Amino acid sequence: MPDLAAPLVEWYRANARDLPWRQPEFGAWGVLVSEFMLQQTPVYRVIPHLEAWLARWPTPTDLAAAAPADAVRQWANLGYPRRALWLHRAAVEIRDRHDGVVPSDIDALLALTGIGDYTARAVAVFAYGDRHPVVDTNTRRVLARAIEGRSQPGPPSRRDLAAMNAILPEDRTTAAVVNAAAMELGATVCTARIPRCDVCPLSDRCAWLAVGRPDTGDERRKQAPYEGSDRQARGAVLRTLRDAANHAVPLADVVPDWPDALQRDRAIDSLIADGLAEADDGMLRLPA
DNA sequence: AATACGTGGGA
DNA sequence: TTCCCAAGTAT
């Protein structure tokens with residue numbers, strides 16, 4: 001296997017974006033919040049929300065003391081609002097199980113609500129400097145191209161962690177940089193569409209470029225259409241609840257003009273089932 | 001393992 | 001305009 005770590009590190013030193021969570025003093029809580037927000041949401045949309053969030057709740061204990069409704073409201077239009085609920089639950093768990101300190105142990109992190117394989121390792125590595133492989137969608141694409149010669153990665157797998165681990169240097173500080181660099185390269189150069197191979201630090205050893213950048217046909221699953229979907233209906237309902245000045249809305253006033261009343265009611269029920277809404281006395285509200 | 005889950009910007 | 005897709009997780 002070609003050495004990927006050295007060129008990645010050199011490239012990262014010169015080209016990494018100056019992102020808030022990369023400041024040394026940013027703190028584990030800030031890193032954790034940023035990782036929740038970055039799950040499926042672009043960097044440029046996260047940054048302003050992250051700063052507002054941390055100004056309001058500077059520690060896990062601060063957030064744990066708030067109502068879930070406040071977390072969902074503060075989440076605003078970041079999307080996937082259950083992440084706000086899960087982040088709040090994680091804060092409660094950190095307060096109750098870890099004395100208010102974000103843990104660095106992978107298994108302890110994995111046990112927190114809303115934290116999976118990616119986020120657990122991202123926190124341990126980027127907040128605490130521990131040595132683990134961190135694999136996100138960017139890294140999977142970089143490895144698929146540079147090592148396997150494929151245009152897109154296959155389905156996520158535990159093998160991805162082993163592949164990343166195989167290119168990590170022994171030194172933990174450098175290993176953390178390699179993790180960040182692989183993600184950064186995938187985000188800014190080795191992109192899903194129109195990769196910029198002309199400025200890529202791996203171009204002289206990339207298996208995919210060497211064989212002429214073929215489309216290897218590994219289609220990623222197409223996202224279901226959003227227009228007319230249940231998700232869109234849920235989004236409309238939740239927006240109504242977020243924007244309600246008195247924090248509660250009569251059920252009859254919840255998107256009354258939605259084209260499909262049955263779909264709207266289904267959305268309301270599913271939001272209640274998810275803990276994102278509560279109904280009582282004919283009123284609908286965010287969870288207290 | 002496949003599916004559900006928001007939102008909005010860029011090409 | 002329409003389509004793609006963005007630092008994933010839970011079930």
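Quick caveat, the model's predicted, so the values are computed rather than measured. In what follows, chains carry the letters A, B, and so on, assigned in the order in which the sequence lines appear, proteins first and then strands, with residues in each chain numbered from 1.
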Report yes or no: does [X] contribute a side-chain atom to a donor-acceptor pair with the main-chain N or O of [Y] at less than 3.5 Å?
X	Y	value
A/N165	A/L161	no
A/D99	A/R95	no
A/S270	A/A267	yes
A/R45	A/N77	yes

What pair of heavy atoms forms the shortest contact from [X] to [Y], and how long is it?
X	Y	value
A/L209	A/S203	CD2-O, 3.5 Å
A/T191	A/R145	O-NH1, 2.8 Å
A/A279	A/I272	CB-CD1, 3.9 Å

Rounded to whole angstroms, how far apart are [atom1] on [X] and [atom2] on [N]?
X	N	atom1	atom2	answer
A/Q152	C/dC4	CD	C1'	11 Å
A/R83	B/dG6	CZ	P	9 Å
A/L85	B/dG6	CG	P	11 Å
A/L276	C/dT9	CG	C1'	14 Å
A/M37	B/dG6	CE	P	16 Å
A/I47	C/dA7	CD1	P	13 Å
A/W86	C/dG8	CH2	P	14 Å
A/Q263	B/dA4	CD	P	13 Å

Rounded to whole angstrom, note down the [atom1] distance from [N] over to [M].
N	M	atom1	answer
C/dC4	B/dG6	C1'	15 Å
B/dC5	C/dC5	C1'	15 Å
B/dA2	C/dA7	C1'	23 Å
B/dG8	C/dT9	P	23 Å

Name the closest nucleotide to the A/N77 side chain, picking from B/dT7, C/dA7, B/dA4. B/dT7
Side chain of A/K222, heavy atoms from C-beta onward: which of C/dC5, C/dA7, C/dC4 has the nearest atom to it? C/dC4
Ranking A/R82 and A/P156 by the position along DNA chain B of their nearest nucleotide, the one closer to 5' is A/P156
Quick check on DNA chain B: between A/S270 and A/P155, whose nearest nucleotide comes earlier from the 5' end? A/P155
With a 4.0 Å limit, can you tell me whether [X] has a side-chain N or O closer than that to the phosphate oxygens OP1/OP2 of [N]?
X	N	result
A/Q223	C/dC5	no
A/R234	B/dG6	yes
A/Y226	B/dT7	yes
A/R231	B/dT3	no
A/R266	B/dA4	no

Quick check on contacts: within residues 114-133 of chain A, what sits under 4.0 Å from DNA chain C by heavy-atom distance? A/G114, A/I115, A/G116, A/D117, A/Y118, A/T119
Please list each protein N or O that sits under 3.5 Å from an N or O in nucleotides 9-11 of chain B, with the distance.
| residue | atom | partner | partner atom | Å |
| --- | --- | --- | --- | --- |
| B/dG9 | O4' | A/Y44 | OH | 2.7 |

Have a look at A/L87 and say if it touches a base, only the backbone sugar-phosphate, or nothing, with a 4.0 Å heavy-atom cut-off. nothing
What contact category does A/W21 fall into here, base, sugar-phosphate, or nothing, at under 4.0 angstrom with non-hydrogen atoms? base
A/R83: which residues meet the side-chain contact (heavy atoms from CB on, under 4.5 Å) condition with it, sequence neighbours left out? A/Q39, A/T41, A/W75, A/L78, A/Y80
Nearest-nucleotide wise, let me know which of A/V43 and A/T113 is further upstream toward the 5' end of DNA chain C. A/V43
So if you build clusters from Ile, Leu, Val, Met, Phe, Trp, Tyr with side-chain heavy-atom gaps below 4.5 Å, do A/M183 and A/Y128 land together? yes
How many angstroms lie between CG in A/D117 and CG in A/D136, if you round to the nearest 0.5 Å? 12.5 Å
Between A/R141 and A/Q152, do the side chains contain a donor N or O and an acceptor N or O under 3.5 Å apart? no
What about A/T137: does its side chain form a donor-acceptor pair under 3.5 Å with the base of C/dG8? no
